[in-house]
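Here is the structure we will look at, set down as structure tokens.
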Amino acid sequence: MNDIAPAPALIPDPALKADTVSFGYEDIPATEKTARVGGVFSNVASKYDLMNDAMSGGMHRLWKDRFVRRVKPREGEQILDMAGGTGDIAFRMEPSGASITVADINPQMLEVGMERAHKRGLDGLVWTEANAETLAFPDKFFDAYTIAFGIRNVTDIPKALREAHRVLRRGGRFYCLEFSTTVWPGFAEVYDAYSHKMVPKLGQLLAQDADSYRYLIESIRRFPDMPKFKGMIADAGFVQTKVEPLLGGLVAIHSGWKI
């Protein structure tokens, strides 16, 4: 297996010291979020599939299949799968013949993905430790950028979106799969009760870690709704931005093009 490439050193931005961002329902200094989110994913890396099953009732597998069908990876393309540590999206795109770089800020998640790739006999994927806000890749390098269930954990989402735009070639496409806010009457209340009450309990049962699961549910509630996030993608420079709601918007596929 390939070694994980080191992440570039981050220089704290003094302007962020007075800023606060959400960490679940808690507001914390922006400078603390990356480390705290990193701790969550270090804790759950070995149980990540169980985590996704617990949060979605197993439906995340179908959502990811649909997501990759929308991306339409092609042979010869360069694709960056950001926050893709455990390989779920990359494994689905690999049969296309595209050259796929799996990037994640968390080395434990990457280790899980590399081990899974080894068991599948997949040695053509590139694995690299990277922060979505400060990518080390050159301008106009990738044909597509994908991120699934990762953007809400980024400290500075607009900055990460601008980085996605920067590393894409002209004609490149951006696809994001993320939990959102369902607009189906009644369903939102049912899922809200399930997720807040049951998911932390399942986290404690399956991974002996209720707090990390509680954060992940709370982070969904603090994430921008579909129209607002679509606007953020446009503000980063993307055009023809679209959103495809799943389950009334409980999950959404956002997309845009760079021209």
Side-chain angles (χ1 to χ4, degrees), residues 37 60 63-94 96-105 109 113 125-181 219-220 223-246 249-259:
V37 170
H60 72 99
W63 300 334
K64 289 170 180 174
D65 289 343
R66 187 165 182 169
F67 179 66
V68 170
R69 288 197 297 270
R70 295 294 181 268
V71 176
K72 295 184 177 67
R74 303 174 183 89
E75 185 174 2
E77 287 189 323
Q78 291 282 347
I79 299 179
L80 175 62
D81 182 35
M82 191 66 227
T86 61
D88 270 3
I89 300 301
F91 298 156
R92 287 168 167 80
M93 294 194 293
E94 189 274 340
S96 70
S99 296
I100 301 165
T101 298
V102 184
D104 202 293
I105 197 171
M109 296 286 282
L125 300 172
V126 176
W127 304 84
T128 184
E129 186 179 339
N131 186 325
E133 301 171 34
T134 54
L135 297 176
F137 305 108
D139 296 353
K140 302 176 183 178
F141 187 78
F142 293 102
D143 299 288
Y145 176 114
T146 62
I147 184 167
F149 302 121
I151 194 73
R152 75 180 189 278
N153 298 306
V154 171
T155 301
D156 189 336
I157 294 174
K159 187 175 182 180
L161 293 173
R162 293 193 299 270
E163 277 290 88
H165 188 272
R166 179 185 66 79
V167 300
L168 282 171
R169 298 183 175 121
R170 291 187 63 181
R173 55 205 191 277
F174 168 89
Y175 280 90
C176 175
L177 176 67
E178 188 54 88
F179 286 105
S180 190
T181 304
S219 69
I220 294 169
F223 189 69
D225 61 20
M226 290 181 286
K228 184 173 181 180
F229 186 53
K230 181 173 178 285
M232 292 170 69
I233 296 169
D235 289 343
F238 291 99
V239 300
Q240 298 182 20
T241 55
K242 297 179 180 178
V243 55
E244 178 182 355
L246 308 178
L250 177 67
V251 175
I253 298 173
H254 282 82
S255 60
W257 293 77
K258 178 177 177 178
I259 60 172

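In what follows, every heavy atom counts, from backbone to side chain, and hydrogens, waters and symmetry copies are set aside.
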L125 and E94, any side-chain heavy atoms less than 4.5 Å apart:
yes
Heavy atoms of L135 and A130 approach each other most closely as CD2-CB, 4.2 Å
Decide yes or no for F142 and F174: does some side-chain heavy atom of the first lie under 4.5 Å from some side-chain heavy atom of the second?
no
What I'd like to find out is whether the side chain of M232 reaches to under 4.5 Å of the side chain of P158, using heavy atoms alone.
yes
Establish, yes or no, whether a centroid distance under 6.0 Å links the rings of F238 and H165.
yes
Answer yes or no: is there a donor N or O on one side and an acceptor on the other, between the side chain of R173 and the main chain of G256, under 3.5 Å?
no
Side chains of E163 and L161: does their closest heavy-atom pair fall under 4.5 Å?
no
Side-chain donor/acceptor of H254 to backbone N/O of M226, under 3.5 Å
yes
Determine whether the aromatic ring centres of residues F229 and F223 are separated by less than 6.0 angstrom.
yes
Once you round to the nearest 0.5 Å, how far does OG of S180 lie from CG of L250?
8.5 Å
Quick check: do V167 and K140 have side-chain heavy atoms less than 4.5 Å from each other?
no
Could you tell me whether a side-chain N or O of D143 sits under 3.5 Å from a main-chain N or O of Q78, the two making a donor and an acceptor?
yes
To the nearest 0.5 Å, tell me how far D88 CG sits from L177 CG.
10.5 Å
Side chain to side chain contact (heavy atoms under 4.5 Å, CB included) between I105 and E129, worked out
CA-CA 5 Å; I105 197 171; E129 186 179 339; 5.6 Å; no
K159 vs V154, side chain to side chain contact (heavy atoms under 4.5 Å, CB included): CA-CA, chis, key distance, verdict
CA-CA 9 Å; K159 187 175 182 180; V154 171; over 6 Å; no
Between E133 and R162, does any side-chain N to carboxylate O distance fall below 4.0 Å?
no
Within the distance-only criterion (no hydrogens, no angle test), does the side chain of R70 pair as donor or acceptor with the backbone N or O of D65 below 3.5 angstrom?
no
Please confirm whether Y145 and Y175 have ring centers closer than 6.0 angstrom.
no
Nearest 0.5 angstrom please: M82 CE to I89 CD1, how far?
13.5 Å
Is it true that R169 and E77 make a salt bridge, defined as a side-chain N closer than 4.0 Å to a carboxylate O?
no
Any donor-acceptor N or O pair under 3.5 Å, side chains T146, D81:
yes
From OG1 (T101) to CD1 (I79), nearest 0.5 Å:
9.5 Å
In terms of relative ring orientation, are F179 and W63 parallel, tilted or perpendicular, with 30° and 60° separating the classes?
perpendicular
Distance-minimising heavy-atom pair for V102 and G84
CG1-O, 3.1 Å
Between K258 (side chain only) and G172 (backbone N and O only), is there a donor and an acceptor less than 3.5 Å apart?
no
For V68 against P73, the heavy-atom pair lying closest together
O-CD, 3.5 Å
How many angstroms lie between atom CD1 of I100 and atom CZ of R92, to the nearest 0.5 angstrom?
12.0 Å
Nearest 0.5 Å please: distance from the CD atom of E178 over to the CD1 atom of I151.
8.0 Å
Do V251 and F149 make a side-chain contact, defined as non-hydrogen atoms from C-beta onward lying under 4.5 Å apart?
yes
